[in-house]
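To start, the structure itself, in structure tokens.
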Amino acid sequence: MSSVTIRDVTKSFGTTQVLSCFNEVFRDGEFVTLLGPSGCGKTTMLRMIAGFEKPTSGEIYIDDTLVSSDKVFLPPEKRGVGMVFQSYAVWPHMDVFQNVAYPLTIQKLNKASIRERADRALGIVHLGRYKDRYPNQLSGGQQQRVALARALVAEPKLLLLDEPLSNLDAKLRESMRFEIKEIQRKLGVTVIYVTHDQTEAMAMSDRIFLIHQGVVQQVDEPERIYREPVNQFVADFLGKVDFFKGQVEGNAIRLVDMDISLPYEGPRTGAVEVAVRPENISISKEGPGIKGLVTAAYYLGDVSDYRVRVGNSSLRVIADGRGYRQFKPGDEATLTLLEFLVYDDDGSLDEQLKIQT
Amino acid sequence: MNTSHAGFDQKEKRRARAALALATVLALLMLGLGIHGIRQHQASGYDDAAGFAYIRKAGRETADTGEKVQLQPFQQEALALLLDSQLAERWRELRFRGETIRDFERADSALRAQTLQSLLREEDSLKLGGAASALLLMDDQMDQDGVPAVERLILRVADLLPEAQGKDLRASLNAVKTEQSVAVEEMALAEGRALLGEAVAERRLSRYLHGGQDLLLLTRALAELLMDASPGEDWAPFLELLRQVPRDAAAYEDLFALPAEEAMSAVLAGIDPGAMSGARLIALNRALYERLLEAAPQALDDHQAQLLNLIADSMEAEYAQELRLKTDLLQARAWNQRLLPLLGEAATSARTGDAELSQVLSALAQGQPVPQLENDLAARLILQRDSDTDRRISQYLADLPMDNALVTKARLLFALDAFLQRPAPETSLSGEEAALLLLDLDKATEAADQLPQLLQALGLAVPLQEQTALGLRLAIRQNAPRVSASLAIARGGGGFLQSLIASQGKQLALLGAVLLIDVLLLYFFMRQSREWRLDIKWLLVLLIVDFLLVVQVLPLLFLLYRALTPSGSLSFVTFGRLFSYNMNRSALYNTIVGGLSAMVLGTLLAFPLAWLVGRTNLYGKKFFRSLFVLTYMVPPYVGAMAWLRLLNPNVGTINQFLRGFFGLGSTAGPINIYSLGGLVWVLTTFYYPYAFITISRAMEKMDPSLEEASRVSGASPFITLIKVTLPIMTPSLIAGALLVFVSAASCYGIPSIIGAPGRVHTVTTRIIEYYGRGTQGLNDATGLAVFLMVMAILILYLSDFVVARKQYITVSGKSTRPNIVDLRSWRLPLTILVTLFALFIVILPFFTILTTSLKIDVGKSVLEAGNFTLNQWTTIFSRSETIDSLKNSLIFATVAATVGILVAITMSYLMQRTRIRGRKLPDFLITLGSGSPSVVIALGLIMTMQGRFGINIYNTAYIIIVAYLIKYMMMGMRTVTSAISQIHVSLEESSQVSGASWLTTMRRITGPLIFPSIAAGWFLIFIPCFYELSMTTLLYSNTTKTIGFQLYEYWTYTSQPQASALAFGILLIVILINQLLSRLTRGSFTI
């Protein structure tokens, strides 16, 4: 079980820089997720660790071994990592057993050991029954498990997963998530997981590395990165959030479009952006609070999703599904902000991406 | 389902069924009328449409016009008699022009003899009288069984005599034979000397089997004779000649070192017949023979028969037969001379009851000519023939439709007059004058010469117009067709519709048959899809299917038919005979072995190259990729020419270099391109790109993560290649390999240039050789073609429908770049290796062509003083022939490419975007076309498109374009199909949902998206059509020569440097076009 150290790694393809100055350590036995939107460079980072790309500059260590630098490059087959690909990459001309046993046959172990270990790996992913089948006879989920077994069979120190679940349907994705996490816990192997799905990241990771346009935005445990996002991008990427322009006036922030003041004791001054998560707004019929008009109400089973107009702005509110019938479009409602975040108004354009309702 | 809906369905179904039934009836009607018309056409006696057109025109012209003068019955009788006799006379004149009794009487003796001969041979010999057949036999010297003529005649007399006398005669015959046998031998021997000398001196190698290798037996026999007859002979000059016989003289050095006579025997005994020069051997034989003639003529005489046999055995069947026939004739002549006295005796003493025969025989026996007898005989034969003919004519005239006998006979007269070129009458008669003439039968008979005017005056018929008469005469030249032609004229031209049916009978029948097939297909479509209405798309499918049926399936079926029924019934005799010939067996061997070798070598070359260029970090990958694909665009025969210049055993550049480098003393070799190995080499270098491209494409489409997964599992790049890449690529490998095999086996250009001098035949070269040899040759060509075709189809089926099915679909959704294997320390060495390969295989040949085109003297280097010139270029490109050929090639290729791509677009669209039944059918046909060997396609077209089925495009540009289409349409299909398949249908659907019509969607959405592949497909069809050779060789006419064919002609007949200039020019054009293509499609398609 190993750690991975990335030191000052950058990667450019031609004139396009895809990763800038990546400087992190993935600890031994951790489940780390590289999270970010498409094109942010997370897959590239993973492939550099695997050895399929070379960093433009910087160094990569697995444990204490230098595997990539401008002078040294260890090819993938010598790195002792396991990898699961997005397309599964299960070989169509071999059956399940042969696929899984392949890494062992490369190592030229004896037949008995191979059989034993491959069976064990198949057992871990619960595919023992299918070992004589060919990939074209398996479902997507089953193929994915074959890929997983194959990645684990050689007992690698490091397991890399490149968006392994994105080709599966929602239910399967959920169950596979837990399976992968279980396996990792049982075997204690270090996992670097790449995905753009934040729910996946939060459910499985010990730490999340959020990457945007080649730059790491924040590295934290799921709860912290969710509740204390360091910038607007992180706040927006994980969970739902609304942004409002505000002005610091003394001990309060006045929300410009809504003519509301929020108590504030932080260090920022001048123009700020206030971020509010919909679940942190409570909605009630009466009482003290911000008065608003319900413009839309959606029922989602476990929650109700409301849009409430306050002043010139619209707030999104998520409340318990059981109270859905209380608020219909056109009703008046009272909102209370339980929590909010404050950022410098850096003129970022993220807000414009949100559909105005 | 509510009832009204069902009712509507029912109504639709009924309507559709009714329409189909109607169409079926129409089709059958057309078919029937067509067949009727064909019969009428055949009755005219002339197969050519032009001739038949004139016949019908003539028929229409002689329709009666003008007022009919009323004739009394007796006048009609008189006229009828007159007509009949005149017709008979004209008939005789027509049929036996120059050989009528009048002609015979006027002829001189030589002409008379000639006439007699032709009369004798014309008649069935059984019908000839004894005297006549005797004369014939004497002329031949011997009968079919080789029995000398006189002997045969004596036996015949013996048969005619009473038994006892006959027996005596036969006994005398045997006695004389025994007595005279020695003398006859001597006589025959004496004449045989000349024959032997002639035979030994025969220089034409083509008459001998195996290039004259069998003559080695003769050489040995002659040498032995000389050794026995002349012990102290000086063998040195013969050894000198012998030294030049083996191809590799060096191997026999130690034998040549022996004392002369021993050396002679040893070398002759030990020489390898397969590596000899036939021409030199013949020279040696002549020398030996001449020496024998001087030193020991007796020995020659003693062994004359044996020697002649040896020579005959070493000749091709027909020449051997000729020789044996001559030998037998010598014998027969000798016998005839010796037996004549006996014949004379037999003839005079015997009373055979056939006085004439006896007379002739006595005369012959005495060696006297019998002119009077011959004249009488001839006259008798002529009269006999005339009476036979008269009988037939009467029968013929009696068969004419009698309702208007006079009119018909009148027309007949005019038709015959036209054939006889009788000048049109200058005077004319009035109706009254005509009637007057007929009052008196005697007067009428005297006025026979005025018969045409008479008939015209009576309004019974009009003479043919001069133009028509001329056209008729020119179109119909033979006697026999004139007979039936005149009958057709006499029956009249018929109305317009009738004329149309008769003259367009074949076309009608063809249309009817095609329509019938269409109706059947439509019914099948409708039934399968349960849509009982006419879908426009079906019509498109049918249109294309019809076209392909007529130009592709029909010729192939006809070839099959021709090959399997050479004499009317199903038999494999043709194949049996073809493969009993050594040349054909060796051609088959060469084709298959050559194809397989090229396949294996080509694939072995292509796979690593494709991997290196597609999957590794080799230096200059893009460059190499274009370079290897470049060979694919070059005409194969250009490659053959280049390698000839390099590997010619005597003056080839590489050979010269090797000889110098290794200090070899010989003047030839070490590498001989005129061999099966040479053929395989050139085939490989020119067809490996087919495998390269197939494999590269498949490699590109392969999901790179499959290889990455192997790497990450611990396997080195090499192991990954073996365990993962190769197995997954195997179906594509096989497909590519089979493609190489079929292309190599069907190739004509390369074997014709490389194989011919070394007598390395292939099935394709044999087909073309046979083709030039008349009807029998055509049958043979067909047989071989069918064989080749079946082989190609089987392999095609194997490749496309069996292997392709097993292809692992591994196209990944994401467009990830393929993982590049780092070659590390191997990078430079492998790049150097690949560069060397490229230099040798690709660049060297092209360079050679270039340098050859700049030389004056082909044998010297271009760098030698005074050998450099640009003249070759200016000469060849200023020739009008070249410009014309270039124009032709451009036009043909453009038309073929344009039509082809339109069909491709239609078909691809129908296949990908619709679910209509039967869309696979045209695709299958188009695939079939591309897999058929070029020679087979051309041959099929030749045999069916000369009017046999109503279409005659032979010797026109159309037949060439059609051939190109059939062969190369496929190239466009593949590109366009793959492009359309990559455009998701939702792109078009969203356009339609936005309100755009189907057409607008095509124009604004689909069109622009697939334009690059349309352009690519167009060029992919254009380029091979541009430089095509095999089909053009068979289909060209003087005005439709293409650049490929011209090049071949220049190379073979004119001058290699000029041909090289042209070849390089073609190369430049093709490269230019490829650059254009790459520019146009922004690099996404370069083949």
Side-chain angles (χ1 to χ4, degrees), chain A residues 13 38 43-44 46-47 49-54 73-94 98-109 134-136 143 146-156 158-164 166-167, chain B residues 614-617 622 695 698-735 803-827 1083:
Chain A
F13 288 114
S38 306
T43 304
T44 313
L46 195 74
R47 287 169 68 81
I49 298 174
F52 294 123
E53 307 280 357
K54 286 197 195 154
F73 180 75
L74 202 60
E77 57 269 20
K78 300 240 171 70
R79 295 196 185 194
V81 303
M83 184 159 172
V84 179
F85 296 82
Q86 185 178 0
S87 62
Y88 325 137
V90 179
W91 299 304
H93 60 296
M94 302 185 204
Q98 288 165 328
N99 263 283
V100 172
Y102 184 87
L104 303 176
T105 62
I106 299 295
Q107 288 175 30
K108 302 225 174 70
L109 300 178
Y134 276 85
N136 62 354
Q143 288 185 36
V146 173
L148 193 55
R150 177 178 66 194
L152 292 171
V153 78
E155 287 161 22
L158 185 60
L159 185 61
L160 309 173
L161 297 120
D162 184 2
E163 303 203 50
S166 53
N167 287 355
Chain B
R615 279 288 210 250
T616 67
N617 62 350
K622 250 196 176 158
I695 297 174
M699 247 186 216
E700 269 164 38
K701 283 210 250 162
M702 190 171 124
D703 185 0
S705 57
L706 290 170
E707 286 164 330
E708 288 174 355
S710 166
R711 294 287 298 280
V712 118
S713 306
S716 68
F718 183 69
I719 305 262
T720 306
L721 180 65
I722 302 292
K723 286 200 159 195
V724 174
T725 320
L726 199 54
I728 293 185
M729 292 281 307
T730 301
S732 314
L733 269 179
I734 296 182
V803 171
R805 266 211 204 122
K806 285 194 72 199
Q807 223 149 22
Y808 301 114
I809 316 287
T810 55
V811 180
S812 57
K814 261 210 238 168
S815 53
T816 42
R817 290 170 22 237
N819 173 245
I820 303 298
V821 170
D822 186 359
L823 296 169
R824 282 172 289 150
S825 54
W826 285 99
R827 195 177 183 199

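These numbers come from a predicted model, not from an experiment. So you know, we letter chains A, B, ... as the sequences are listed, proteins then strands, and number each from 1.
A distance-only check finds no donor-acceptor pair linking the side chain of A:Trp91 to the backbone of B:Val724 [under 3.5 Å]. When atom types are taken as modelled, the side chain of A:His93 and the backbone of B:Met729 share no donor-acceptor pair closer than 3.5 angstrom.
Note on B:Ala709, B:Pro717, B:Ser716: by heavy-atom pairs under 4.5 Å with chain A, the leading option is B:Ala709. Counting heavy-atom pairs closer than 4.5 Å to chain B, the top residue among A:Arg150, A:Gln107, A:Lys78 is A:Arg150.
What you find for B:Ser705 and A:Ala89 is that their closest heavy atoms are O-CB, 3.3 Å. Pairing each heavy atom of B:Ala715 with each of A:Glu77, the nearest pair is O-CB, 3.2 Å.
For A:Lys54, the part lying under 4.5 angstrom from a heavy atom of chain B is the side chain only. Neither the backbone nor the side chain of A:Val153 comes within contact range of chain B, judged by heavy atoms closer than 4.5 Å.
To the nearest 0.5 Å, atom OG1 of residue B:Thr720 and atom CD1 of residue A:Ile106 are 7.0 Å apart.
Using a 4.5 Å heavy-atom threshold, the side chains of A:Arg47 and B:Glu708 count as touching. Side-chain contact check for A:Phe52 versus B:Val712: some heavy-atom pair is nearer than 4.5 Å.
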